[in-house]
Trainee: 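Below is one structure. I have some questions about it.
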Number of protein chains: 2
Amino acid sequence: MASITRRRAPKVSRPVSAEDEILAATRRILTGGASFTDLGVQQISVEAGVARSTFYAHFRDKTDLLLRLATDMLATSFDVASAWEPTDGLDKLAEDFLRILGVYREHAAVLRAVGEVATYDLTVRDFWSQGLAQFTDRTIAALRAEQAAGRTPADVNLVSAARVIVQGGERAIFDQVTTAPPTDDAAFARELAQTWWYGVYRRPA
Amino acid sequence: MASITRRRAPKVSRPVSAEDEILAATRRILTGGASFTDLGVQQISVEAGVARSTFYAHFRDKTDLLLRLATDMLATSFDVASAWEPTDGLDKLAEDFLRILGVYREHAAVLRAVGEVATYDLTVRDFWSQGLAQFTDRTIAALRAEQAAGRTPADVNLVSAARVIVQGGERAIFDQVTTAPPTDDAAFARELAQTWWYGVYRRPA
DNA sequence: GTTGCGCCGGACATAGTGTCCGGACGAGCT
DNA sequence: AGCTCGTCCGGACACTATGTCCGGCGCAAC
């Protein structure tokens, strides 16, 4: 089900509420490398220092918690999607990718959890798809404009190209973040940008 | 744990054993769109028409079952990896992708299940990574050869490029198979091939 | 007929989920 | 001071699923 938006305590009294404690504890555990699926409510509660029943007073279930974690994450890095201009040149593209790499590294734990649950839970999958759709839409629009301007060949299949870019790109970035050291990020971002530029936009080498 | 290889009955008697029944039933349910994670052993047993205890007589657990499903799948389409020659030209590349698309469509259900469990189970993740590593190795070798022959620029980062190709490509293909109709496969395969050819190999347009 | 084998069906221990409720504690109000 | 409200604790409860175990049944082979 959809998670219900919860209002915070009207008074400013408590420095940290149980809810914040739970969110922080979950982030902590996930950062430690644990799988969200294998995580128990009990375990989270203990780590957060609250009773198990308190967990259910704030979150409908584990999915609700994950959705809160994910929306909080998006709220702190909302500009990433809107700042993404896919046709500003090769160097600009590489820069944008590097910035996205940074965001991914920062929120790797939550991103991993979302990617995990999205594979078997419809609610989370829809949530994430909706986020990626932003990128897909922008990419298709940009490609269409490039074609209209005659800079990209007309035979480029917009939908397929966007799929390769967004779905494939997201996965490659995720893989880079989870398996390669941050020092390789710049080289990877450049390679990804070049693949786009020459492969998808078909700009002459 | 690693799944233990099971020997079949020495006699040729039974036309269909309970084991085959379970494997078929699972494939059937998965094809119906259900999530493997949400699948219970009970449910599988009922669909297979065997007792729940019989399931455990043949499979250590659900993971063991999935691994059996996956290896059986690889056994019937083993040639895909070895027939893949990433540098035989643009048209050949598109053909190869189209063939892979076909295999993906054929085994979409099991592939989805593997992708699902791989996100939270180490055993399955390792299994799948090992399969993809084949493609990664071949890709790196091919790119190196292209560079040596002077057809691909020396500034191409081999590891990053292979990551974009294999990880990103696999995801894009998976997305295509699960969200687009088969009639679009040819156009998608061509687009993917062109992205490789011009974007990764940097062949002049 | 007896033995071996695959399967059934159910009991069992264990563990996790989500709900519910009595009661403790503290902050703010009158 | 006493009162009340909101938050949290701690534990009971029903339910579901997992994995193990074992007695017994039926069918084939020798």
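Note on naming: letters A, B, ... go to the chains in the order of the sequence lines (proteins, then strands), and numbering restarts at 1 for each one. This one's a predicted model, so the numbers in the text were calculated from it and none came from an experiment.
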Trainee: Starting at CG of B:Leu65 and ending at P of D:dG19, how long is that distance when rounded to a whole Å?
Mentor: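 These atoms are roughly 12 Å apart.
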Trainee: Below 4.0 angstrom, which residues in residues 113-122 of chain A have at least one non-hydrogen atom near DNA chain D?
Mentor: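 By residue number: none to list.
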Trainee: Whole Å only: how far is the CZ atom of A:Phe55 from the P atom of C:dG16?
Mentor: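 To the nearest whole Å, that distance equals 14 Å.
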Trainee: Distance check needed: D:dC9 P versus A:Glu19 CD, whole Å only.
Mentor: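 For the pair A:Glu19 CD and D:dC9 P, the rounded distance is 13 Å.
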Trainee: Just to be sure I understand the geometry, which residues of residues 29-52 of chain A put a non-hydrogen atom under 4.0 Å away from DNA chain D?
Mentor: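 Result for residues 29-52 of chain A: A:Gly49, A:Val50, A:Ala51, A:Arg52, sorted by number.
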Trainee: Could you tell me which residues satisfy side-chain hydrogen bond (donor to acceptor under 3.5 Å, both in side chains) with B:Arg125, sequence neighbours excluded, listed by chain and number?
Mentor: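 With sequence neighbours excluded, B:Arg125 shows a side-chain hydrogen bond (donor to acceptor under 3.5 Å, both in side chains) to no residue whatsoever.
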Trainee: What ring-ring contact (aromatic ring centres under 6.0 Å, His included) pairs are there with at least one residue in residues 90-111 of chain A, not counting sequence neighbours?
Mentor: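 For residues 90-111 of chain A: A:Phe97-A:Trp196.
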Trainee: Atom CD of A:Glu21 to atom C1' of D:dC9: distance rounded to whole Å?
Mentor: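 These atoms are roughly 15 Å apart.
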Trainee: Has the side chain of B:Glu21 got a donor or acceptor atom that lies under 3.5 Å from a matching backbone atom of B:Val50?
Mentor: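 It does not hold such a pair.
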Trainee: Using whole Å, what does the distance between atom C1' of nucleotide D:dG19 and atom CG of B:Asp61 come to?
Mentor: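 It works out to 9 Å between those atoms.
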Trainee: Could you state the CZ-P distance from B:Arg60 to D:dC21, rounded to the nearest angstrom?
Mentor: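 Between P of D:dC21 and CZ of B:Arg60: 13 Å.
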Trainee: Between B:Asp155 and A:Arg190, does any side-chain N to carboxylate O distance fall below 4.0 Å?
Mentor: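 Salt bridge: no.
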Trainee: Measure from CZ on A:Phe59 to P on C:dT17 and round the result to the nearest Å.
Mentor: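 Value for this atom pair: 15 Å.
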Trainee: To the nearest 0.5 Å, what is the distance between CD on B:Glu116 and CG on B:Leu30?
Mentor: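 The CD atom of B:Glu116 sits 8.0 Å away from the CG atom of B:Leu30.
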Trainee: Apply the test side chain to side chain contact (heavy atoms under 4.5 Å, CB included) to residues B:Arg203 and B:Leu90: give CA-CA distance (whole Å), side-chain angles for both, the deciding distance (0.1 Å), then the verdict.
Mentor: CA-CA 10 Å; B:Arg203 292 301 179 86; B:Leu90 181 56; over 6 Å; no
Trainee: When you measure from the side chain of A:Gln176 to the backbone of A:Ala189, do you find a donor-acceptor pair of N or O atoms at a distance under 3.5 Å?
Mentor: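 Side chain of A:Gln176 to backbone of A:Ala189: no pair is present.
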Trainee: Given C:dC8, is OP1 or OP2 found less than 4.0 Å from the side-chain N or O atoms of B:Thr54?
Mentor: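 So the side chain of B:Thr54 is within the cut-off, an N or O lying under 4.0 Å from OP1 or OP2 of C:dC8.
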Trainee: Rounded to the nearest 0.5 Å, what separation is found between the CD atom of A:Gln194 and the CD atom of A:Glu191?
Mentor: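 Answer rounded to 0.5 Å: 5.5 Å.
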Trainee: Between B:His58 and C:dC7, does any side-chain N or O lie under 4.0 Å from OP1 or OP2?
Mentor: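 It does, given that an N or O in the side chain of B:His58 lies less than 4.0 Å from OP1 or OP2 of C:dC7.
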Trainee: For B:Phe135, which residues count as a ring-ring contact (aromatic ring centres under 6.0 Å, His included) partner, sequence neighbours excluded?
Mentor: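 Scan of B:Phe135 (ring-ring contact (aromatic ring centres under 6.0 Å, His included), adjacent residues dropped) gives B:Trp84.
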Trainee: Pick out the pairs of N or O atoms, protein on one side and nucleotides 22-24 of chain D on the other, that lie under 3.5 Å.
Mentor:
none

Trainee: Begin from the C-alpha positions of A:Lys62 and A:Phe36 and carry the test side chain to side chain contact (heavy atoms under 4.5 Å, CB included) through to its verdict.
Mentor: CA-CA 9 Å; A:Lys62 251 172 50 183; A:Phe36 184 80; 3.8 Å; yes
Trainee: Ring-plane angle category for A:Tyr201 and A:Trp197, please: parallel below 30°, perpendicular beyond 60°, tilted otherwise.
Mentor: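 Rings of A:Tyr201 and A:Trp197: perpendicular, over 60°.
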Trainee: With a cut-off of less than 4.0 Å, is there a side-chain N or O of A:Tyr56 near OP1 or OP2 of C:dG18?
Mentor: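 Indeed, a polar side-chain atom of A:Tyr56 lies that close.
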